Amino acid sequence: MTQQATPQAAAAAPQLSEFELSPELSQFRDQVRDYTEKHLGNAAAYDAEVKFPRDAVEAAAKLGLLRTTVAREYGGSAMGNLASCIMLEEINSVCVSTGVTISVHNSLVNSLLGKWCNEAQKKRWFPKMVTGEWLGAYCLSEAYSGSDAAALRCEAKLEGDHYVMNGAKLWITTGSEADLFVVFARTGPDRVKGISAFVVEKSWPGVGVGKKERKLGLRGSPTTEIVLENVKVPADCLIAEEGQGFTIALDTLDGGRLGIASQALGIARAAIDLIRDHLAARVDAKGRPNASQRDQWTLADLAADLDAYRFLTWRAAILRDNHVRCSTEAAMAKLSASRLANRAARAAVSILGIAGASGATTAERLLRDARITEIYEGATDIQRLVIARGLMA
Amino acid sequence: MTQQATPQAAAAAPQLSEFELSPELSQFRDQVRDYTEKHLGNAAAYDAEVKFPRDAVEAAAKLGLLRTTVAREYGGSAMGNLASCIMLEEINSVCVSTGVTISVHNSLVNSLLGKWCNEAQKKRWFPKMVTGEWLGAYCLSEAYSGSDAAALRCEAKLEGDHYVMNGAKLWITTGSEADLFVVFARTGPDRVKGISAFVVEKSWPGVGVGKKERKLGLRGSPTTEIVLENVKVPADCLIAEEGQGFTIALDTLDGGRLGIASQALGIARAAIDLIRDHLAARVDAKGRPNASQRDQWTLADLAADLDAYRFLTWRAAILRDNHVRCSTEAAMAKLSASRLANRAARAAVSILGIAGASGATTAERLLRDARITEIYEGATDIQRLVIARGLMA
Amino acid sequence: MHNLQLTEDQDLIVDTVRKFVADVVAPKVLDQDEHRQFVRAEFDGLAELGLFGLCVSEANGGVGMGYVPFVAALESIGEHSSSLARLWIGQAQAAAALEAAGSDELEAVIGGAVLATYVGPEYGVVFADGKLQGSADLVSAGMHADKIVVAATAAGAPVLVLVEGAAVEKRERRALGLASAGPAQLLLDGVAATSLATGDAAASAIARADLTAWIGCAATAIGGGFASIAAAKKHAGERIAFGKPLLKQQAVADKLVEAARVVEAARHVTWHAARLADLGNDATAVAMQAKLSAIDAMVFAADEAIQIHGGFGYTVEYHVERHYRDGKALEVLDGGSGALRALLAARQLA
Amino acid sequence: MHNLQLTEDQDLIVDTVRKFVADVVAPKVLDQDEHRQFVRAEFDGLAELGLFGLCVSEANGGVGMGYVPFVAALESIGEHSSSLARLWIGQAQAAAALEAAGSDELEAVIGGAVLATYVGPEYGVVFADGKLQGSADLVSAGMHADKIVVAATAAGAPVLVLVEGAAVEKRERRALGLASAGPAQLLLDGVAATSLATGDAAASAIARADLTAWIGCAATAIGGGFASIAAAKKHAGERIAFGKPLLKQQAVADKLVEAARVVEAARHVTWHAARLADLGNDATAVAMQAKLSAIDAMVFAADEAIQIHGGFGYTVEYHVERHYRDGKALEVLDGGSGALRALLAARQLA
């Protein structure tokens, strides 16, 4: 026999933990679950009353959940993307409005500040951001630029030691509740290289909250217009350098997409749990299991995909934690998880039937909440575009 | 602030390798790829001529690929399930007939012998099995028992120091080419506890190859009836104890399903590669990419699922390598990967169009080959049953 | 004569309905849905148009034109308000059951003087000693119905009974969809009821009411599907991204083409069911297929329409999120998809 | 008159075809498919039944009965042999093009003395100086056709030309499906061709041939879909697992119900396209939708039928694997699904 395949390759059996959480992360997840049980009991009311979950977010802040993506030297816990994903799946399985508030704060705003801001900027804003004294919002979209982000029109003109900013940002999550805005604005004519990123504080003159959207779901999270009228933005609030805005936006979105993927996983899990409990409760006159086979098969398909797409999400989070570019992987996670969330929520309504649609269970809310995950932080077709380009490159 | 979530949880960034192959496994995969390039060039001919890939299997044996699931003390390389899955994805991406022969030999027969046979039995058969001098076949299905395996009728009656075996086994992969059969037969009336497992050697009187199936795909792999007429099976060829057959069969199928999941991943990957290459080659008159968006979206969806379901497969393989029961996880892997293989192959035919269906590319063969993965070693609905039961337990 | 072609009389009805919907219903539908306002005035409008007797024979005081114009008219209503369509369907179910049972309550229902609704056999309501046991959730017009026709069982056999709406305890529901149809949970325990029909007569009345619901829901869903496509097409024609209208993005065009294909296919099945019923043939199986296909098509079309709208689609102003919710709400009524498939299996595989 | 109802004359044709298929085609189909035997004798059988003039007007020597009986007859053939159906479709495409072009080759094609096939515009064949440039793959009857009608372009404008089969170099194809239809690659470079029509006349001939293919393929697929369902139902009724027939397993019953639903829905679209065409209306868009829907339905039904058959379904004796392959082969012809969706987008979203 010639050239045998190396027997030493399998010297040690692979560690079981590769697809399981480490004890530390498992403990962290348990802490988050404890939080969800104690503090997210009003999820249905936030939805019905269109009420911001201020109390739930404050409780999360007290537990340190608003600082997971910030380095230790700035008061963060530096837990990184994987831990944040695990946390966000838990929170979103109970309350998406709390979930998206934290996702935007951590995965978009804090991540961006940590990666792109200078020392002075970090020291200026992180003390308020890690404690949740301030909440962050991410202002990229405009009325005429959604998926095509580079078409944005909001402009910032340098006048001496400050920029004068004018424009309006649309669909801003946490818009009416946030204190710190990362705003992308045009500092030059070039479609892509003319975009720069700024920090804008709510308290500055000319910063206003415009129209608040009335939405299918995610109703506890205020989605608003942010109007910028002759806002004087100090030059030291420019993030990185002029013209780097689009690069910053896209890079940040990779992390943001992991947050939304995790939100979707949470919604999917909640829907799958509803289906499982509903089917497990169906017994015949003699107490034997009696659930519809078709419904059981649906449950099996959804549960397999939940595990599979969670792995996609973790894979991308680990890459990002290791500072490896993960645009394709993050897009795969967001694409798959968001579609699963909607599929699972629709199935929950169908299988629970009247109880799924009547408002007697959370199924109908899950269906409404799930729908946004395919839209924001890069719609489904944008994820596909990113993936296809990555594959064909 | 009270009760902060443990910052130490993220003391070290997670290792990048968690969702990547170890250097050892990566090297092994490269060796297998080298094998596929050198020895699987006749895959199309095996299909067209309905010819067993004897030469390819022998080359695999020489490289030690037929002993990955056997312990070192019996001449195996003890590489385990994860390595076997990686190997099988590679081989099946080129030739499913070679792939299934090795999958059955390794994942079903050798795994079973190693786990359930006594020392004397292992010493008797492994020398021939690890070298590929003998090929193995797994004889569970019968004409009247497919998915409902416990309905089998083949019987083995103890008469002194041997059993007399009578019956017929259907859809036996490698049937006409195998030398060692693991046969499940009825030793008692109880539907489940009346089933026992035996080793039957091809050379024994009364062992015959019956009808050979004419099939949609997998045409290089002979699927035959195995007829057992008054076969004298020495009592020391009983595996484990009487009545343990069904337990052995189900346990073994968990491993077998990982083999088929890997086969499906290989087929899916080949189909996705065809689509990617086809789309990447489409350019407009000016040489700019010009592939249909819909087709690109299909590519993105398939590629995301390929990664996701590979992780499902690896997760189950790692569990099995750690001797943790993985019925639900293996079923999830097989269910998802086999459905993906068919989806990808159908998409390849659609997207390649005339070139997909005409026989000018491998797309049409992939479509035919993929279809079996949803059927054998537990049809799709059986996987769903296993998963749903696991979830609702 | 080919499919989807109406007679002059039928055309006149549909035109009248279309005008009514455009003038009266469409302008208010967003507000009414958001605030869960019951659309009694619109219901009365349908009554004034004389629509509630469409499927009732002339001999019994109806118009006797049958299911074809019923379907065509409901499509038009479904384009704007599935809630209003569902109210008509409930009224039509009650009328169908009352006609089959030979009840003299029929006239007031046809005329619209009485707002009626129907509780189907899927709720498992029991009738004994003149009183009901059970409850029924997500009943359209449940909060407001004057009369409720209930398909119950008495000692295991079907019985059709009538209940006064005022006698029933109701709970308003914040349901997924059909928000303007006054969805409610009806608590029927101990409620007095009048028997209208038993045995075969009850069974045939119940069958007629089921058929009416399946065909009616299918027609409504076709309307909702077309409306979703129309909204998305309009938006995609106006919205610029990457330098051209969304409609010029091949993936967007493709979604619209696919959505139109499935809605139109479901429409053919729906019209076929209506024709069979009008010819006096057994339309049961086709009507169930029509509901399954049309609901799938509506939800698919609305889902794609939301996606094409992007962020706009998630807001209430663009209507498509409402069609998405209403489609799912229509799905679970009348037994839901699982029950329809089980009934089809019993018929087709016996 | 409701859908799917034929006149007596039409019924007679369909009955004749059904009998022919059952007696002559069905018994041999497995062997012919497995050994890729060209079914010339069956083709001649169809000719003897006088079917090739069905859609050709009486004024031009045809039967003039139109697409409705064409569809009904092709459904019957599709139940047993998509290959044979495809041969008829090729012949019918050639006839449609020749009729539109006013060619005197039409008579021999109608009569079946000439075996014709058609190469559509999707192959991009070019006609210049009396000769062709290009090639066409997976052309049914490509190995055996006496005459080939080719939709080509001359200086960018459509032109319809005729080629002698004997003049063309052919390569036999081991194709995914339609194995008995003699699929071949035709190498047309330098082959002499006769112009039959140019400009608008060529365009309208090509349009007619396309329409014929879309409607014909849809009908064939409906037949294949129904056959798959029937085979699976039969098997599921006989096969015992877990102590009862498969048919009593709810998941199996459900698959059959769903498959029937999608095939029947596609059938309505197909018949609608045929009716529109027979009425002289524009049936183009509906015919494309019919093909898309019917192919999807056939592949879905065959796939589920294979799964219900389990291991048996993977073997050739149970027919369902053939329907699965043939469905996919039908899909890629006549431009394929992607091209149809693009054409639909151009029409519906302009």
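Chain naming here is simple, since letters A, B, ... match the order of the sequence lines and numbering starts at 1 in each. Here the structure is a predicted model, which means the values were calculated and not measured.
One finds the OG1 atom of C/Thr315 at 14.0 Å from the NZ atom of A/Lys212 (value rounded to the nearest 0.5 Å).
Proximity to chain C is absent for every atom of A/Leu385, based on heavy atoms less than 4.5 angstrom apart. Contacts between A/Ala345 and chain C at a heavy-atom distance below 4.5 Å are absent for every atom of the residue. With a 4.5 angstrom heavy-atom cutoff, C/Ser337 does not touch chain A via any of its atoms. Residue A/Ala48 touches chain C through both its backbone and its side chain, counting heavy-atom pairs closer than 4.5 Å. Of the atoms belonging to A/Leu218, heavy atoms from both backbone and side chain fall under 4.5 Å from chain C. Both the backbone and the side chain of A/Ala379 come within less than 4.5 Å of a heavy atom in chain C. The contact between C/Glu317 and chain A is made entirely by side chain atoms (from C-beta outward), counting heavy-atom distances below 4.5 Å. Neither the backbone nor the side chain of A/Ser141 comes within contact range of chain C; no heavy atoms are under 4.5 Å apart. Both the backbone and the side chain of C/Phe312 have a heavy atom closer than 4.5 Å to some heavy atom of chain A. Heavy-atom distances place the side chain of C/Arg341, and not its backbone, under 4.5 Å from chain A. Both the backbone and the side chain of A/Thr380 come within less than 4.5 Å of a heavy atom in chain C. Contacts between C/Glu331 and chain A at a heavy-atom distance below 4.5 Å involve the side chain alone, from C-beta outward. In this structure, chain A has a heavy atom under 4.5 Å from the side chain of C/Val299, while its backbone stays farther away.
Atom CZ of C/Arg171 sits in a sparse spot, with 12 or fewer heavy atoms from other residues, nucleotides or ligands closer than 6.0 Å. Annotation for C/Lys248: atom NZ does not count as buried by contact number, only 12 or fewer foreign heavy atoms lying within 6.0 Å.
Looking at every heavy atom in both residues, C/Ala329 comes nearest to A/Ala357 through CA-CB, 4.5 Å. Minimum heavy-atom separation, C/Arg173 to A/Ala360: NH2-CB, 3.7 Å.
Residues satisfying the ring-ring contact (aromatic ring centres under 6.0 Å, His included) test with C/Phe300, not counting sequence neighbours, are none. Under the ring-ring contact (aromatic ring centres under 6.0 Å, His included) criterion, C/Trp214 pairs with no residue at all, not counting sequence neighbours.
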Chi angles and distances behind the side chain to side chain contact (heavy atoms under 4.5 Å, CB included) call for A/Ile354, C/Leu333: CA-CA 7 Å; A/Ile354 295 283; C/Leu333 296 173; 3.8 Å; yes
What do the steps show when you test A/Arg214 against C/Tyr314 for side chain to side chain donor-acceptor pair (under 3.5 Å), and what is the final call? CA-CA 8 Å; A/Arg214 293 134 65 206; C/Tyr314 203 63; over 6 Å; no
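Ionic pairing of C/Glu34 and A/Arg219 is not present here: no N-O contact between side-chain nitrogen and carboxylate oxygen is shorter than 4.0 angstrom. For C/Lys244 and A/Asp148, the salt-bridge test fails: no basic side-chain N is under 4.0 Å from an acidic carboxylate O.
The backbone N or O of C/Val316 sits nowhere less than 3.5 Å from a side-chain atom of A/Lys215 that would complete a donor-acceptor pair.
Residues C/Lys255 and A/Asp381 are in side-chain contact: their nearest non-hydrogen atoms beyond the backbone lie under 4.5 Å apart.
The stretch residues 365-378 of chain A places A/Leu367, A/Arg368, A/Asp369, A/Arg371, A/Ile372, A/Glu374, A/Ile375 near chain C, each with some heavy atom under 4.5 Å from a heavy atom of that chain. Of all residues in residues 270-280 of chain A, none places a non-hydrogen atom less than 4.5 angstrom from a non-hydrogen atom of chain C.
Of all the listed residues (C/Ala184, C/Gly311, C/Gly335), the one sharing the greatest number of non-hydrogen pairs under 4.5 Å with chain A is C/Gly311. Ranking A/Ser350, A/Ala150, A/Gly359 against chain C, the residue ahead of the rest is A/Ser350, based on heavy-atom pairs under 4.5 Å.
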